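Single-structure report; data block below.
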Amino acid sequence: MSTARLGADFFARPTLVAAVDLIGRRLVRVRRGRRLAGRIVEVEAYIGAADTACHAHRGCTPCNRVMFGPPGHAYVYFTYGMHQMLNVVTERDGFPAAILVRALEPEEGVDSMRRRRARAGRLRMARRDAAWTAGGPGRLCQALAIDRGLDGEDLEASPRLFFEEGRPAARRDVARTTRVGIDSAAPRDRAAPWRFILSGNPCVSRR
DNA sequence: GTAAGGATGCGCT
DNA sequence: GCGCATCCTTACG
């Protein structure tokens, strides 16, 4: 178990390689001097302008420009009128690709995460269990107070948001599936097995 | 200026 | 499994 921080080199690799390697690592959000952290149990890869499920497929816009920049930076996107999603930019500067962090197993600051979820009006469900706190990209961002204010954050240097080496999963414990919620993408891209999950972990989102 | 749709989540059946 | 809330982002006029 290591608390060493993952640097830009970790993400300056082929996206699928970095995505598998990210399973089991720790995402840390520091807020008011306190740590909110969890083990990453689910991610998805979005790779290049040719991937019709990737936000980059319509070109560079003010909202997605971070994805076209250097690796190791946070790309935070707003969708469905109410949800934010946290991504990490991968590959070389100029090539748009990212890993969407879809679910965490809460480890530190769990009560704070639950309070944040409850305050947002999800009281009834928020009491249930820790798994509910950060399973799913929208829930994760809410629990960790991640919003577009963190878009473009340098995760190698930021005091507010970063990754730690944690406890990487054994390769045999990482399962691959197709990505979630991309029905309008081309059939070839819907079929790509670019979602990675920690097998059997209760915090993984649906399916 | 305006309209359509979206990398979701919740509650109910 | 299904409907709906909710509003930013984008494309088009």
Side-chain angles (χ1 to χ4, degrees), chain A residues 11 15-16 18-20 22-23 27 38 40-69 73-91 95-106 113-152 175-197 202-207:
Chain A
F11 299 103
T15 306
L16 295 176
V20 176
L22 201 56
I23 296 293
L27 174 65
I40 296 166
V41 299
E42 176 180 354
V43 300
E44 284 177 359
Y46 290 87
I47 310 172
D51 175 6
T52 58
C54 181
H55 288 153
H57 88 273
R58 278 192 244 258
C60 188
T61 69
C63 281
N64 69 14
R65 73 189 143 72
V66 171
M67 204 173 12
F68 289 76
H73 288 242
Y75 165 48
V76 182
Y77 198 80
F78 186 94
T79 193
Y80 289 106
M82 60 189 95
H83 297 297
Q84 324 247 12
M85 290 171 300
L86 171 67
N87 300 253
V88 202
V89 178
T90 55
E91 315 234 6
F95 183 85
I99 299 167
L100 170 65
V101 184
R102 288 188 56 92
L104 295 183
E105 179 178 326
M113 293 185 202
R114 194 178 285 120
R115 269 198 302 280
R116 280 196 56 75
R117 305 277 296 128
R119 211 176 301 135
R122 326 292 208 230
L123 197 63
R124 193 170 143 217
M125 295 290 290
R127 288 201 196 97
R128 273 195 200 165
D129 54 31
W132 187 82
T133 307
R139 294 166 172 177
L140 185 156
C141 285
Q142 173 141 60
L144 270 60
I146 293 168
D147 59 28
R148 288 223 72 203
L150 287 164
D151 188 45
R176 285 179 82 144
T177 78
T178 54
R179 294 173 290 180
V180 173
I182 54 166
D183 293 347
S184 58
R188 182 183 60 99
D189 296 322
R190 278 184 299 186
W194 291 355
R195 173 171 177 254
F196 300 91
I197 60 180
C203 300
V204 168
S205 71
R206 62 197 160 130
R207 258 217 271 187

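Model, not experiment: these values are computed from the prediction. Within every chain, numbering begins at 1; the chains are lettered A, B, ... in the order of the sequence lines, protein sequences first and strands thereafter.
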Name the one of Y46(A), Y77(A), F78(A) that satisfies ring-ring contact (aromatic ring centres under 6.0 Å, His included) with H55(A)?
->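 With H55(A) as partner, ring-ring contact (aromatic ring centres under 6.0 Å, His included) holds for just one option, Y77(A).
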
Have a look at Y46(A) and say if it touches a base, only the backbone sugar-phosphate, or nothing, with a 4.0 Å heavy-atom cut-off.
->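 Y46(A): base contact, heavy atoms under 4.0 Å.
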
Looking across every strand, which nucleic acid part, if any, lies under 4.0 Å from L100(A) by heavy atom: base, sugar-phosphate, or nothing?
->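 L100(A): base contact, heavy atoms under 4.0 Å.
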
Is there a Watson-Crick or G-U wobble partner for dA7(B) with both distances under 3.5 Å, and which nucleotide is it?
->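 Across all strands, not a single nucleotide pairs with dA7(B).
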
Within this structure, what is the [atom1]-to-[atom2] distance between [X] and [N], rounded to whole angstrom?
| X | N | atom1 | atom2 | result |
| --- | --- | --- | --- | --- |
| E42(A) | dG9(B) | CD | C1' | 14 Å |
| Q84(A) | dA7(B) | CD | C1' | 13 Å |
| I182(A) | dG5(B) | CD1 | C1' | 16 Å |
| D147(A) | dT9(C) | CG | C1' | 17 Å |
| D183(A) | dG6(B) | CG | P | 9 Å |

Return the polar atom pairs (N/O with N/O) between nucleotides 4-8 of chain C and the protein under 3.5 Å, or none.
| unit_1 | atom_1 | unit_2 | atom_2 | d |
| --- | --- | --- | --- | --- |
| dT6(C) | O2 | Y80(A) | O | 3.1 |
| dC7(C) | O4' | G81(A) | O | 3.0 |
| dC7(C) | O2 | G81(A) | N | 3.4 |

Indicate whether OP1 or OP2 belonging to dC10(B) is found under 4.0 Å from a side-chain N or O atom of R117(A).
->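 Indeed, a polar side-chain atom of R117(A) lies that close.
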
Is any side-chain N or O of S184(A) closer than 4.0 Å to OP1 or OP2 of dG6(B)?
->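 Checking dG6(B) against S184(A), a side-chain N or O does come within under 4.0 Å of OP1 or OP2.
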
Locate the shortest heavy-atom distance separating Q142(A) from R116(A); write the atom from each residue and the value.
->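 Closest heavy-atom pair between Q142(A) and R116(A): O-NE, 2.8 Å.
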
Closest heavy-atom pair and its distance - M85(A), T79(A) =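 Shortest heavy-atom separation between M85(A) and T79(A) comes out as CE-CG2, 3.3 Å.
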
Side chains of Q84(A) and R148(A): do they bring a donor and an acceptor to under 3.5 Å?
->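 Checked: Q84(A)/R148(A) side chains show no N/O donor-acceptor pair below 3.5 Å.
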
